[in-house]
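Each remark here refers to the structure printed beneath this line.
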Amino acid sequence: MKIYNTLTKSKDEFVTNEANKVKMYACGPTVYNYFHIGNARPFVFFDVVRRYLEYKGYEVTYVQNLTDIDDKIINKAIEENTTFKAIAKKYIAAFEEDIEKLGIKKPTHQPKASEVMGDIIKLIKKLVDEGFAYESQGDVYFSVESFKGYGKLSGKNIDDQKAGARVEANTNKKHPADFTLWKTAKPGEPTWGSPWGQGRPGWHTECVVLSQKYLDTESFDIHGGGVDLVFPHHENENAQAEVLSGKKLANYWMHNGFINIEGEKMSKSLNNFFTARDVLKEYNAEAIRFFFLSKHYRSPIDFNRQIMQESDTAVKNFYNALKSVDYLSFKDEDINYSDADLAKKEEFVKAMDDDFNSAKALAVMFDLVKIVKSTKEDINERKESAKLLVELGSVLGFFTDIEAVLSNDLGDLSEKLLAILIEVRNNAKAEKNWPVSDLIRDKLLAQGIQLLDTKDGTKWEKK
RNA sequence: GGCGACAUCGCCAAGUGGUAAGGCAGAGGUCUGCAAAAUCUCCAUCCCCAGUUCGAAUCUGGGUGUCGCCUCCA
């Protein structure tokens, strides 16, 4: 399979460090607020990467950090007149809730920056000791000039940059591009003791420490995150790691594109900020997942009401197809795929192998939907395709709660009452008493029960 | 100013030299008391110009447009 690598700017054949094992890391949230729909894209996407690699037979170790020490958290704590720990705790809980609702599998490890403070300090000290970083007025900076490879990930040439819109006011640095590893304590901030006095770490070190520690290697397979993290965050991560180990922090750097809101960049000033939590109130998790996967992960994607409704309808089509063959009745049976199905499966794998072309993979699923729904096809063919539809959909993270969605279980009593209502309506229908029969149907529909008059009698389903 | 991405039907989107997948929406037919479902049919020459080629949405050059990064924002 091929993966687009930001480091080489090309689709590269994916070769793991260790056979059949993938070690991957993706930057997690800074827990100072509910995460927004834009944050959700990498969370969902790397969940799919993980699921697909597992489907391919790899043993995947997936680490995602939680940044629980940061200016934004401290500011929020001041704003809400509480401690930064309380803020972190609150939003970690919220994060976990939302992630679960989105159907995202828990990473293998999900460590917090604060848990590894000793390791962070140790790493910074090593950088200082070996001459890659220096102390200045209690702050510690990484010297970008000490690493000749600096800029290779983002394609930036540090000496070539325009002085910039923002002039570097910090005269403590040797080079304007030098970045902070440790900042000296300011009043009221949480601090930790270090060789350079009380202070706290910069943002770029935690990911190096957490990834290497929890993946148990200096150089792992995949590092992911949003495009905006390429510079400076990932560039800086790699610099710290490579300068010490002589190896790239990761072999493949994957970056997802941004989400726009109705054509505009999402921002607080435009007031077009949607938290994942709010979006989940209106659309189900699978519609959101479909929305993300309907376009290639590196492309920018526009979030709007119309596209969400379309995504929602599209996902319902998957379920309609499965209902049409009564999927739950045979879900545990062993079913052999036909040659046609195997060809579809191959198509799906080929699409995903090509740098996770999920849009194409979804098209394969719709081909299966067509077969499953088609009353002209042999019922066994339809069942086989349904089975494959679920198999492939699961790889993309759909159908995680398929029984609940497909099940029409209302409890014994409700079902009996419903049967009675249907009988009454059928009597009314027989007498061509349309007002009564329609009244029953409409009232049930308002309660979320859809009646369907079919050749085989009246059936119903939950809407 | 530096670096980079993208431009395919009303909307979303695949396509990487061989004559435009798929989804949503829409139109019409069958079925039907109506509705829903099902089913059949229809619906683009790919931003512009020039070039390479037997042949280009796909390659090259130029233009136009949109967007991102260069500010600890995914």
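Letters A, B, ... are given to chains in the order of the sequence lines, protein chains preceding strands, and every chain is numbered from 1. Values reported hereafter were calculated over all heavy atoms of this structure, with side chains retained and with hydrogens, waters and symmetry mates removed.
Within the 3.5 Å criterion, the main-chain N or O of A:Asp341 finds no donor-acceptor partner in the side chain of A:Glu384.
The distance between atom CD1 of A:Ile301 and atom C1' of B:rC67, rounded to the nearest whole Å, is 15 Å. Atom CZ of A:Arg305 is separated from atom P of B:rC12 by 17 Å (rounded to the nearest Å). Rounding to whole angstrom units, CE of residue A:Met352 and C1' of B:rA14 are separated by 14 Å. Between the NZ atom of A:Lys295 and the P atom of B:rG68 there is a distance of 14 Å, given to the nearest Å. B:rG33 atom P lies 16 Å from atom CG of A:Leu451, rounded to whole Å. Taking atom NZ on A:Lys429 and atom P on B:rC34, their separation rounds to 11 Å, with Å as the unit. Remark: C1' of B:rC70 and OH of A:Tyr150 are 11 Å apart, rounded to the nearest angstrom. When the C1' atom of B:rA13 is taken as reference, atom CZ of A:Phe356 falls 20 Å away, rounded to whole Å.
Among B:rG15, B:rC12, B:rG23, the nucleotide with an atom closest to any side-chain atom of A:Ile307 is B:rC12. Considering only the side chain of A:Lys156, B:rC69 comes nearest among B:rG33, B:rC69, B:rU39. Comparing B:rG23, B:rG33, B:rA14 by their closest approach to the side chain of A:Asp438 singles out B:rG33. Side chain of A:His296, nearest nucleotide from B:rU16, B:rA14, B:rU39: B:rA14. For A:Thr313, counting side-chain heavy atoms from C-beta on, the closest listed nucleotide (B:rC34, B:rA25, B:rG23) is B:rA25.
Using a 4.0 Å heavy-atom distance criterion, A:Arg425 is classed as a base contact. Note on A:Lys432: nothing from the nucleic acid sits closer than 4.0 angstrom, heavy atoms only. Using a 4.0 Å heavy-atom criterion, one finds that A:Asn317 contacts the sugar-phosphate atoms exclusively.
Both A:Ser437 and A:Asn320 sit near RNA chain B, but only A:Ser437 has its closest nucleotide nearer the 5' end. Nearest-nucleotide positions on RNA chain B place A:Ala363 closer to the 5' end than the other of A:Ala363 and A:Pro435.
Remark: A:Lys76 fails to qualify as a cation-pi partner of A:Phe84 under the 6.0 Å distance and 45° angle criteria applied to the six-membered ring. A cation-pi arrangement is found for A:Lys156 relative to A:Phe231, the charged atom lying closer than 6.0 Å to the ring centre and inside a 45° cone about the ring normal.
Figure legend. B:rG68 is base-paired to B:rC3; pairs are counted as Watson-Crick or G-U wobble with both atom distances under 3.5 Å. Nucleotide B:rC59 has B:rG51 as its partner under the Watson-Crick or G-U criteria, with both atom distances under 3.5 Å. If you check B:rA44 for Watson-Crick or wobble pairing at under 3.5 angstrom, you find it has no partner at all. Nucleotide B:rA25 forms a pair with no other nucleotide shown, judged by Watson-Crick or G-U wobble geometry with both contacts under 3.5 Å. Partner assigned to B:rU30 is B:rA38, using Watson-Crick or G-U wobble distances below 3.5 angstrom. Base pairing annotation: B:rC73 forms no Watson-Crick or G-U wobble pair, as no partner gives both donor-acceptor distances under 3.5 Å.
Taking side-chain N and O atoms only, A:Asn357 has a distance below 4.0 Å to OP1 or OP2 of B:rG15.
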For nucleotides 72-74 of chain B, list the nitrogen or oxygen atoms of the protein found under 3.5 Å from its nitrogen or oxygen atoms, one pair per line.
residue : atom : partner  : partner atom : Å
B:rC72  : N4   : A:Lys183 : NZ           : 2.1
B:rC73  : OP2  : A:Lys72  : NZ           : 2.0
B:rA74  : OP1  : A:Asn39  : OD1          : 3.4
B:rA74  : O5'  : A:Asn39  : OD1          : 3.4
B:rA74  : O4'  : A:Asn39  : OD1          : 3.3
B:rA74  : O2'  : A:Gly226 : N            : 2.4
B:rA74  : O2'  : A:Asp228 : OD1          : 3.3
B:rA74  : N1   : A:Ile259 : N            : 3.0
B:rA74  : N3   : A:Gly38  : O            : 3.1

Polar pairs (N or O, both sides) under 3.5 Å between protein and nucleotides 4-10 of chain B?
none

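Centroid-to-centroid, the aromatic rings of A:Tyr252 and A:Tyr4 stay 6.0 Å apart or farther. Taking the ring centroids of A:Tyr327 and A:Phe330, they lie under the 6.0 Å cut-off. Here A:Tyr62 and A:Phe46 keep their ring centres 6.0 angstrom or further from each other.
If you take atom C1' in B:rA36 and the same atom in B:rA14, they sit 32 Å apart, rounded to whole Å. The same atom, P, is picked in B:rC11 and in B:rU19; the two are 27 Å apart, to the nearest Å. B:rG65 and B:rU41 have their P atoms separated by 44 Å, given to the nearest Å. Comparing B:rG10 with B:rG26, their C1' atoms sit 9 Å apart, to the nearest whole Å. Of the P atoms belonging to B:rG4 and B:rG18, the separation is 29 Å, rounded to the nearest Å. Distance noted for atom C1' between B:rC73 and B:rA44: 38 Å (whole Å). B:rA57 sits 16 Å from B:rU52 when the P atoms are compared, rounded to a whole Å. Of the C1' atoms belonging to B:rC34 and B:rC40, the separation is 22 Å, rounded to the nearest Å.
Judged by distance alone with a 3.5 Å cut-off, no donor-acceptor contact links the side chain of A:Lys370 to the base of B:rU39.
Aromatic ring pairs are classed by plane angle as parallel below 30°, tilted from 30° to 60° and perpendicular above 60°; the pair A:Phe179 and A:His204 is perpendicular. Below 30°, between 30° and 60°, or above 60°: for A:His223 and A:Trp253 the angle between ring planes is below 30°, a parallel geometry. In this structure, A:Trp182 and A:Trp196 have tilted ring planes: the angle between them lies in the 30° to 60° band. A tilted orientation is assigned to the rings of A:Phe303 and A:Phe274, their planes being inclined by 30° to 60°.
Atom CD of A:Glu423 has 12 or fewer neighbouring heavy atoms from other residues, nucleotides or ligands inside a 6.0 Å radius.
Annotation: side-chain hydrogen bond (donor to acceptor under 3.5 Å, both in side chains) contacts of A:Asn317 (sequence neighbours excluded): A:Lys373.
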